[in-house]
Amino acid sequence: MKRNNLTAVLLLTAVLAASLSACGETADPSIAPTETKPAPAETEAVETEEPRIPSGLPDTDLGGYVLTMYQASDFFNEEGLYAEEANGDSINDAVYARNLGIMEKYNCVLAEETSDDRYVMDRLKPFILAGDDTIDVIYECGNSVIGNTQLFLDLADLSHLDFSKPWWSAEFNEGVTINGHLYFTLGAHMISAKESMIGTLFNKEIAVNYDINPSDLYDAARNGKWTLDMLGSYAKMAAQDINGDGVMDEKDRWGIIGENYDCWSLALGSGFKCVTKDSNGDFVYSFGSEKNINIMDKIMGITNDPTICLFAQQMKTSDVWATRTEMMANGQFLFNFTSLGNSMRDYKYDFGFLPIPKFDESQSQYYHDGSLGNNRLMVVPKTTSDPDTTAFLIEAMAYASYYELLPVYYQEFLNTKVLRDEESVEMLQIVQGTIHYDCGALFNWGNMRDTIENLAAAGSNTLASTAAKNESKTMKAIEKTLKTLEENE
């Protein structure tokens with residue numbers, strides 16, 4: 001039976017909190033606050049008539065086992081984990097009912113502890129290193145997870161976790177598997193992580209003004225024909241010097257507004273691979289491949305055109321992020337690459353949501369990422385008291401969420417949250433069903449992701465020369481990561 005020393009641990013960690021928060025990481029403003037067959041894991045889950053796949057979990061009495069989950073209380077909080085009680089909110093109540101059902105069925109307790117730290121690993125790391133086994137599952141931001149990977153169990157080794165099932169993100173798992181090891185993942189119970197996936201917001205009113213039928217955009221996306229060429233063509237139509245002063249700036253309307261990080265989202269969406277894997281699963285440096293160079297040529301032809309696109313880093317105001325937010329609220333764009341947020345409910349104009357475009361129609365599927373630095377990932381610390389039981393209950397949560405929480409989540413998005421038409425909810429399911437993280441970008445080995453973001457301000461596509469110059473440095477960074485993980489096996 002698990003100990004109950006969590007209160008003592010949290011009292012001790014409070015002593016560390018002040019000093020750790022003082023030296024904690026500063027938010028990176030370049031990171032977003034985030035034929036085609038949508039993955040069945042996400043698109044079919046909303047069909048309430050769908051017969052359930054058996055969970056594969058045996059009926060088991062866990063003897064009152066307490067599973068303790070840990071996350072930040074506010075910053076990118078994952079709302080799909082825990083609810084103290086039913087309160088009339090549909091998502092909260094679905095989470096509460098799911099957990100209650102699991103606790104009653106398996107005679108266990110699902111508990112959550114939170115911290116006001118932005119990165120909870122700052123608080124937990126000393127205790128994991130000391131062997132404290134209080135916390136079983138951690139939900140943490142990506143940039144903190146990758147700096148502590150050696151502290152986590154290989155999820156692929158845990159019994160009961162069946163990553164072939166649709167309540168897990170197979171595309172994500174394939175992208176972040178390191179030499180056959182899976183240290184972090186995304187499941188159907190992580191609805192906030194899904195919410196931060198980046199797609200394409202479009203202003204319906206501006207589209208209609210330029211004879212762009214929103215239904216045609218939805219059809220193109222649905223049929224795998226939503227591409228960079230289509231994006232660029234429509235964006236060029238919509239840009240306009242609203243005040244007639246002869247200068248395109250923050251007071252005007254743009255085909256695209258966004259930030260430098262969007263270059264990475266567009267690149268990944270076009271099939272860009274920082275690293276690939278050979279037949280043995282080993283990383284191969286593919287950063288400067290001909291395919292990647294062609295992808296960046298096409299993206300830069302759109303994002304670096306000063307008559308089409310305005311990124312926050314190019315704005316001349318004193319607070320470019322506030323300006324970007326204001327321009328979004330005002331609807332001064334046709335397209336904007338973003339995750340969905342509650343503030344969008346207050347937008348006065350009508351809008352829709354699309355996937356990130358493909359490179360061209362021959363591309364087999366869409367690809368989407370969240371905010372690589374901020375999006376929550378799930379990890380299991382090496383010190384968890386009972387890895388098998390922890391895995392059992394995680395699997396039960398993901399399974400039940402797929403059938404009981406996700407349908408409520410999508411309906412909530414349509415009815416009361418953000419999206420305003422059924423087509424956009426369908427598009428959201430495409431986005432969330434094609435999550436793919438590139439290990440090279442996630443770990444930012446050799447500053448690969450930074451290089452792509454910096455091309456947003458470059459005058460020419462220097463990817464080939466930069467990739468050649470940085471190959472040795474990047475491979476050393478990869479080797480260092482692999483060595484650290486091997487030493488902690």
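- Looking at every heavy atom in both residues, Phe287 comes nearest to Ala467 through CD2-CB, 3.6 Å.
- If you check the side chains of Asp360 and Thr227, you find no donor sitting under 3.5 Å from an acceptor.
- Shown here for Met121 and Ser144, the closest heavy-atom pair between the two residues is CB-OG, 3.3 Å.
- Relative to the six-membered ring of Tyr410, Lys194 misses at least one condition, a distance below 6.0 Å or an angle of at most 45° to the axis.
- Tyr261 pairs with exactly one of Ile452, Asp369, Leu266 by the side-chain contact (heavy atoms from CB on, under 4.5 Å) rule, that one being Asp369.
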I would like to know whether Thr185 and Met190 meet side-chain contact (heavy atoms from CB on, under 4.5 Å); could you show each step before the answer?
-> CA-CA 10 Å; Thr185 192; Met190 300 171 66; 5.8 Å; no
Step by step, would you call Asn447 with Asn470 a side-chain hydrogen bond (donor to acceptor under 3.5 Å, both in side chains)?
-> CA-CA 9 Å; Asn447 297 318; Asn470 290 346; over 6 Å; no
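- Put simply, the side chain of His181 does not reach to within 4.5 Å of the side chain of Leu485, judged on heavy atoms.
- The CZ atom of Phe272 sits 8.0 Å away from the CG atom of Asp438 when rounded to the nearest 0.5 Å.
- A cation-pi arrangement, defined by a distance under 6.0 Å to the six-membered ring centre and an angle within 45 degrees of its axis, is present between Lys358 and Tyr366.
- Formation of a donor-acceptor pair under 3.5 Å by the Asp154 side chain with backbone atoms of Ala156 is found in this model.
- In this structure the side chain of Ile128 never reaches within 4.5 angstrom of the side chain of Asn148, judged on heavy atoms.
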How far apart are the C-alpha atoms of Thr451 and Thr466, what are their side-chain angles, what is the distance that settles it, and do they pass the side-chain hydrogen bond (donor to acceptor under 3.5 Å, both in side chains) test?
-> CA-CA 8 Å; Thr451 296; Thr466 302; 5.9 Å; no
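- The aromatic rings of Trp167 and Tyr402 sit tilted relative to each other, their planes meeting at an angle between 30° and 60°.
- Between the side chain of His160 and the backbone N or O of Thr389, no donor-acceptor pair lies under 3.5 Å.
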Please report the C-alpha distance between Val176 and Leu182 in whole Å, then the side-chain angles of each, then the deciding distance to 0.1 Å, and finally whether the side-chain contact (heavy atoms from CB on, under 4.5 Å) criterion is met.
-> CA-CA 7 Å; Val176 301; Leu182 182 66; 3.7 Å; yes
Any chance you could lay out the side-chain contact (heavy atoms from CB on, under 4.5 Å) test for Asn77 and Ser192, step after step, and finish with the verdict?
-> CA-CA 7 Å; Asn77 178 270; Ser192 297; 5.7 Å; no
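- A salt bridge does not link Arg123 with Glu140: none of the charged nitrogens is closer than 4.0 Å to a carboxylate oxygen.
- Taking CE of Met69 as the start and CD1 of Ile394 as the end, the distance is 9.0 Å to the nearest 0.5 Å.
- Atoms CZ and CD1, from Phe172 and Ile435 in turn, are 8.0 Å apart once rounded to the nearest 0.5 Å.
- Between Cys439 and Ile178 there is a side-chain heavy-atom pair separated by less than 4.5 Å.
- Contact of the Asn143 side chain with the Tyr119 side chain is registered, since non-hydrogen atoms from C-beta on lie closer than 4.5 Å.
- Contact check for Phe353 versus Leu340: side-chain heavy atoms found under the 4.5 Å cut-off.
- With contacts defined as side-chain heavy-atom distances shorter than 4.5 Å, the pair Val95/Glu79 does not qualify.
- Summarising the geometry of Pro355 relative to Met427, their closest heavy-atom pair is CD-SD, 3.8 Å, with the distance given to 0.1 Å.
- Note: Trp226 and Phe335 have tilted aromatic rings, judged against thresholds of 30 and 60 degrees for the angle between ring planes.
- In this structure, Ser169 and Tyr437 have side chains that are not in contact, with every pair of non-hydrogen atoms separated by 4.5 Å or more.
- Residue Tyr409 holds its OH atom at 9.5 Å from CD of Gln429, rounded to the nearest 0.5 Å.
- For the pair Val275 and Ile478, the tightest heavy-atom approach, listed with the atom from each and the gap, is CG1-CD1, 4.1 Å.
- Side-chain atoms of Glu423 and Arg222, non-hydrogen and from C-beta on, do get closer than 4.5 Å to each other.
- With rounding to the nearest 0.5 angstrom, the CD atom of Glu259 is 5.5 Å from the CG atom of Asp262.
- Within the structure, the side chain to side chain donor-acceptor pair (under 3.5 Å) test picks out the following pairs touching residues 93-108 (sequence neighbours left out): Asp61-Asn107, Arg98-Ser401.
- Nearest heavy-atom pair, Ile102 versus Cys108, reported as atom, atom and distance to 0.1 Å: O-SG, 3.9 Å.
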Check the pair Thr60 / Tyr65 against side-chain contact (heavy atoms from CB on, under 4.5 Å), numbers first and verdict last.
-> CA-CA 11 Å; Thr60 302; Tyr65 181 85; over 6 Å; no
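- Listed by first and then second residue, the ring pair (Phe, Tyr, Trp, His ring centres under 6.0 Å) pairs that reach into residues 128-154 are Tyr139-His189, sequence neighbours excluded.
- Within 6.0 Å of CG on Asp74 lie no more than 12 heavy atoms contributed by other residues, nucleotides or ligands.
- Of all non-hydrogen atoms in Ala312 and Trp321, the two that sit nearest each other are CB-CZ3, 3.8 Å.
- A donor-acceptor contact closer than 3.5 angstrom is absent between the side chains of Asn336 and Thr338.
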Determine, step by step, whether Thr383 and Asp133 satisfy the side-chain hydrogen bond (donor to acceptor under 3.5 Å, both in side chains) criterion, reporting the C-alpha distance in whole Å, the side-chain angles of both residues, the deciding distance to 0.1 Å, and the verdict.
-> CA-CA 5 Å; Thr383 50; Asp133 60 358; over 6 Å; no
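- For the residue pair Ser270/Tyr367, the side-chain donor-acceptor check at 3.5 Å is not satisfied.
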List the steps and the verdict of side-chain hydrogen bond (donor to acceptor under 3.5 Å, both in side chains) for Gln365 and Thr434.
-> CA-CA 8 Å; Gln365 67 168 81; Thr434 52; 5.4 Å; no
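- In this structure Asp162 satisfies the side-chain hydrogen bond (donor to acceptor under 3.5 Å, both in side chains) test together with Ser164, Lys165, sequence neighbours excluded.
- Between the CD1 atom in Ile91 and the CG atom in Leu406 there is a gap of 10.0 Å [rounded to 0.5 Å].
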